[in-house]
Amino acid sequence: MTPLLSARGLTMQYPGGVTPALDAVDLDIGAGESVAIMGASGSGKTTLLHCLAGILRPTAGLVSFASVQGPVRVESLDDGERSRLRREELGFVFQQGLLLDELTALENVAVARMLAGVPRGQAEAEAAQWLQHLGLAGLEQRRLGELSGGQAQRVAIARAQVTGARLIFADEPTGALDSATSVEVLDLLLAATQQGRTLVVVTHDADVARRCARTVVLRDGRVVSDTAAPAAAASAAEVSR
Ligand code: ADP
Ligand code: MG
């Protein structure tokens, strides 16, 4: 079966970098998979995620994505098509940056639909449903800056899903949360994969990786292990390096 996302020879050389941040990475991710990306700080996890998601253009290599509109080459998309993918097919849950503190929870989710051309009323109705589904009923009108870290991550997960995204990228989504809240947030991300979505999650947390179906470990921009869950002892050793 064709993978949902496929990278070949993915290489990223930042200007001024002595060695490439990503060095000829090959990776296939199937629809419905949950994949943890682990590795020491600086091993290239965020760079890999950003290249896979079309946020960064790699200096070499290719990324194929099985879009609903047919196969696309993510690394060579023009800005318009890249934006369409990000609006309609990809979801993002990052530690910070995508949500706006001064907007309400409802507005933060609804804006993702409004960017796709959905009228405000309908966008807000859909947003309210997702917020309720994620346990945030009653908090719709709170500004994001007034929510706890765990509540804010739930808003991010609602935002990632309201568009119908089939592929969700998360970068250290639980990095700023206490352990009980981390478990809840991960549960919500994994629940999305039960509904056929695909999850690629960068994490330092072996507990997070253990619950994903597969763990890919990077070292110095290369894949050094790629194993079905539970995360192999090798990956735990790698991460504590
Ligand atoms: P990780 O997410 O695993 O901590 P990153 O992908 O952020 O790793 O970084 C991988 C390597 O690339 C590191 O050596 C880092 O210093 C370097 N790097 C990351 N972003 C940039 C950038 N914008 N410019 C130059 N070097 C960068
Ligand atoms: Mg990182």
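When a ligand or atom number is given, it counts from 1 through the structure's own listing order. What's counted below: heavy atoms across the whole structure, side chains too, no hydrogens, waters or symmetry copies.
- Contact residues for ligand 1 (protein heavy atom closer than 4.0 angstrom to any ligand atom): Y14, A21, A40, S41, G42, S43, G44, K45, T46, T47.
- Looking at K45, its side chain does come within 3.5 Å of a backbone N or O of G39 through a donor-acceptor pair.
- Although no hydrogens or angles enter the test, the distance criterion places no donor-acceptor pair under 3.5 Å between the side chain of R73 and the main chain of L62.
- Between R8 and D28, at least one side-chain N (NZ, or NE/NH1/NH2) sits under 4.0 Å from a carboxylate O, which counts as a salt bridge.
- Shown are E124, E126, R120; of these, the side-chain hydrogen bond (donor to acceptor under 3.5 Å, both in side chains) with Q122 is made only by E126.
- Because the distance cut-off is set at 2.8 Å, T47 fails to qualify as a neighbour of the Mg ion (ligand 2), as none of its N, O or S atoms comes that close.
- Residues Q153 and T174 bring no donor and acceptor atom of their side chains to less than 3.5 Å of each other.
- By the neighbour-count criterion of 12 heavy atoms within 6.0 Å, atom CD of Q132 is sparsely surrounded, having that number or fewer from other residues, nucleotides or ligands.
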